[in-house]
Amino acid sequence: MTTDVTVGDDFFNPEDIQVSPGAMVTWTWSSNKVHNLTFVDPAIIDSGNRGGGMYTTAMPMATGTYNYQCTIHPSSMNGTVKVE
């Protein structure tokens, strides 16, 4: 199961991951371009706009697929976290 995602120049790598319930996922910015991590589910705390560094968030205990995107670049930066 993948718990690390790279936030690059207009992409997430990987875009789609699978984790265990309650897993911590770390998002690492690999460029200085400003991006954010915003989940459709408001229960998951968003990263806010960032131009670098790392952000770690806890995934829900409930199984399911959780969609996310960068609201600055929504057409090229989106993905899913499957919790099972």
Side-chain angles (χ1 to χ4, degrees):
M1 295 194 179
T2 301
T3 57
D4 296 297
V5 177
T6 299
V7 182
D9 288 331
D10 300 334
F11 66 86
F12 292 107
N13 186 31
E15 294 176 345
D16 304 314
I17 63 172
Q18 180 179 329
V19 300
S20 301
M24 300 299 288
V25 177
T26 300
W27 312 82
T28 304
W29 274 245
S30 65
S31 75
N32 293 327
K33 209 172 188 183
V34 175
H35 299 289
N36 63 51
L37 172 67
T38 304
F39 279 87
V40 173
D41 186 328
I44 305 171
I45 300 171
D46 300 333
S47 69
N49 293 344
R50 297 172 177 261
M54 296 170 69
Y55 176 74
T56 302
T57 187
M59 296 311 298
M61 293 301 293
T63 59
T65 300
Y66 298 88
N67 297 312
Y68 68 89
Q69 68 177 356
C70 170
T71 59
I72 300 169
H73 307 99
S75 63
S76 61
M77 296 183 71
N78 50 68
T80 61
V81 178
K82 186 174 187 178
V83 176
E84 59 176 31

Q. Side-chain donor-acceptor pair under 3.5 Å between T28 and T6, yes or no?
A. no
Could you measure the distance from the [atom1] atom of [X] to the [atom2] atom of [Y]? Nearest 0.5 Å is fine.
{"X": "T3", "Y": "W27", "atom1": "OG1", "atom2": "CH2", "answer": "10.5 Å"}
{"X": "T38", "Y": "N78", "atom1": "OG1", "atom2": "CG", "answer": "11.5 Å"}
{"X": "M61", "Y": "S20", "atom1": "CE", "atom2": "OG", "answer": "9.5 Å"}

With a 4.5 Å cut-off on side-chain heavy atoms, are Q69 and T71 touching? yes
Quiz item: Is any side-chain heavy atom of V81 less than 4.5 Å from a side-chain heavy atom of V19?
Solution: yes
Return all side-chain donor-acceptor pairs below 3.5 angstrom for residues 10-18, not counting sequence neighbours, or 'none' if the list is empty.
residue, atom, partner, partner atom, Å
D10, OD1, K33, NZ, 3.4
D10, OD2, K33, NZ, 3.0
D16, OD1, T80, N, 3.0
D16, OD1, T80, OG1, 2.9
Q18, NE2, E84, OE2, 2.7

Smallest heavy-atom separation, S30 atom then G8 atom, equals OG-CA, 3.4 Å
Anything under 3.5 Å between a donor and an acceptor, one on a side chain of residues 40-54, the other on a protein residue two or more places apart or in another chain? List them.
residue, atom, partner, partner atom, Å
D41, OD1, A43, N, 2.7
D46, OD1, F39, N, 3.0
S47, OG, L37, N, 2.8
N49, OD1, N36, ND2, 2.9
R50, NE, S47, O, 3.1

